Amino acid sequence: MNLPLASLRWDNSFARLDEAFFQRVLPTPMPAPQLVAFNPDAAALLGLDPAAAATEEFVAVMSGNGRLAAMDPLAAIYAGHQFGVWVPELGDGRAILLGEIVTPQGSRWELQLKGAGMTRFSRMGDGRAVLRSTIREYLASEAMAGLRIPTTRALSITGSSLPVYRERAETAAVLARLAPSHVRFGSFELFAARRMPDQVKQLADYVITLHFPEFAELPDEERYAAWFREVIDRTARLMAQWTAVGFAHGVMNTDNMSILGLTLDYGPYGWLDEYDPGFICNHTDQTGRYAFDQQPRVGLWNCSRLGEALFPLIAEQPALAALESYRGTFETTIDQLIRSKLGLRTTEADDLALQGELFALMHREAIDYTRFFRALSHFNPDDARTRTAVEAEAAAPAALTVWLDRYADRLAREVTTTDRQAQMLGVNPKFVLRNWVAQEVIEAAERGEFAPIEAVRQLMAHPFEEHPGWERYAGPAPAGVVPVEVSCSS
Ligand code: AMP
Ligand code: MG
């Protein structure tokens, strides 16, 4: 289906909840908005005709300057634990939910404008997002989708000359973001902390009815526990998926944890270049609370905060049992993902040692995580050139020789080389959104050149394909490119 913008069907179910859940508020217009980026893949999810991008109406609606009658815009309230510290009231301080689009197939997408002006929840903020941060979120969410990892999606960026002051003067932009729901762990925490159990239940029922219909018919005493368990499963699996692709979120506060298990709120994230388990992507995170290798633990900590918020709905035993299942789900998933990265279909007693040695080696030798697994996907024990290519990923090629011998022995008891190579090339991406690549695109956009946004989006949307001619983006920063620090300011 290719519908014009005005023909999309809307059903604003969140706006039908009671007023305790949100503030009705309209976006604040920006002067002379222009289209910076448009994502046809996201348009396809909505059944939206990509030709819509060329219309004035699209730019007006997605920048917050125009409005369709069927929308019921609002800012949602939530709370959260930020860096472990309880913050009793947060909320959409700069994101405005326009409403929900229901596609001809019946799926539901909330359309949210991030950076669309102040709301009751803006606190000290200006309600705006800068061009730089919208490009970072736009590209990262599409990269994540390309990696087949649950995430919010990005439909468009509109920009304006409106100045926005961060560490320096920048310009305003609005990201049009899509997700089946933007409800967060912190949405439940707010009502639990305010001793409003009816609202906790109302929100849980809302989320279950629309997004977890498989549990809707269960009796009360089973429904909430089964749903909580599912949220825990999704969160544990998400942490394993992030780990397997070398992604660090950077701000895993409970208000950034999606109740649907999506990657949500891209700020100072980073993908690993060289393998470093202690990698801290967020310059503001001085203690490393959200370091790469802490994420699985933090995921569980966050699920525990959600469990406390749901305390009125779930008995203690099933709640604890659900939390206890987290670790097993994470471990099973990460084991499966790493095996698949290594091309191992059978299981042997020494496999864990083989993995452990590899990760220690990658760390010690500062080997590029993504490039290494991609090179390994081409490895053929009978072809010396493919071995040389893997060895070249270490500064001292001999560092990998012993491990590769062991790996070659192990592969001798696996499926054929061609089958394994094809399987590995389908799980070990050639492209991840490295910080320097995002930065290069941002600097071009700040000079008014928007074409690289779409070029890089296409690479990241198909990260397992070769894309000849784009090798430059498949590695760490070229010499001379100064790395930028990313922080919470966006
Ligand atoms: P974050 O950790 O970036 O997801 O944001 C935490 C909270 O700060 C959320 O409630 C945001 O809505 C709010 N916030 C972030 N930036 C701004 C801004 N520029 N203006 C108003 N609120 C903001
Ligand atoms: Mg947030």
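Predicted model, so just to flag it, every value in this text is computed and none were measured. Read the numbers this way: they start at 1 and go in the same order the structure lists the ligands and their atoms.
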Looking only at protein heavy atoms, identify the closest one to [atom] and say how far it is in Å.
atom                    : result
atom 5 (O) of ligand 1  : Asp255 OD2, 4.7 Å
atom 6 (C) of ligand 1  : Gln82 NE2, 3.7 Å
atom 12 (O) of ligand 1 : Gly93 N, 2.8 Å
atom 10 (O) of ligand 1 : Gly91 O, 2.6 Å
atom 14 (N) of ligand 1 : Arg94 NE, 4.2 Å
atom 2 (O) of ligand 1  : Asn256 ND2, 3.5 Å
atom 20 (N) of ligand 1 : Gly127 N, 2.8 Å
atom 13 (C) of ligand 1 : Arg123 NH2, 4.0 Å

Note: ligand 1 atoms sitting under 4.0 Å from heavy atoms of Arg128 are 19 (N)
Please could you name the atoms of ligand 1 that Asp265 approaches to less than 4.0 Å, counting only its heavy atoms? 4 (O)
Within the supplied structure, the quantity of interest is the number of heavy atoms (other residues, nucleotides, ligands) at a distance under 6.0 Å from Phe311 CZ; does it exceed 12? no
CD1 of Ile101 to CG of Leu111, rounded to nearest 0.5 Å, is 5.0 Å
Once you round to the nearest 0.5 Å, how far does SG of Cys281 lie from CZ of Phe247? 7.0 Å
Please state which part of Arg166 comes within less than 4.0 Å of ligand 1, counting heavy atoms only: side chain, backbone, both or neither. side chain
Ligand 1 versus Tyr78: contacting region, heavy-atom distance under 4.0 Å: side chain
Output, in order, the C-alpha distance, side-chain angles, deciding distance and verdict of side chain to side chain contact (heavy atoms under 4.5 Å, CB included) for Val183 and Tyr78. CA-CA 9 Å; Val183 169; Tyr78 50 85; over 6 Å; no
Backbone or side-chain N/O/S of Asp255 under 2.8 Å of the Mg ion (ligand 2): no
Short check: any N/O/S atom of Asn256 below 2.8 Å from the Mg ion (ligand 2)? yes
Please tell me whether Ser13 and Asp11 have a donor and an acceptor in their side chains that are separated by less than 3.5 angstrom. no
Ignoring hydrogens and angles, state whether a donor on the side chain of Tyr266 or Thr151 is under 3.5 Å from an acceptor on the partner side chain. yes
Aromatic ring pairing [X]/[Y], orientation class (parallel under 30°, perpendicular over 60°, tilted between):
X      : Y      : answer
Phe212 : Trp227 : perpendicular
Phe58  : Phe38  : perpendicular
Tyr206 : His211 : perpendicular

Give a yes/no verdict on whether any heavy atom in Arg184 is under 4.0 Å from an atom of ligand 1. no
Can you tell me the N, O or S atom of Asp265 that's nearest the Mg ion (ligand 2)? OD2
Going by distance only, is there an N or O of Asn253 that falls short of 3.5 Å from an N or O of ligand 1? no
Residue pair Ile314 / Ala225: nearest heavy atoms and the distance that separates them: CG2-CB, 3.8 Å
salt_bridge(Arg16, Asp72) N-O dist < 4.0 Å: no
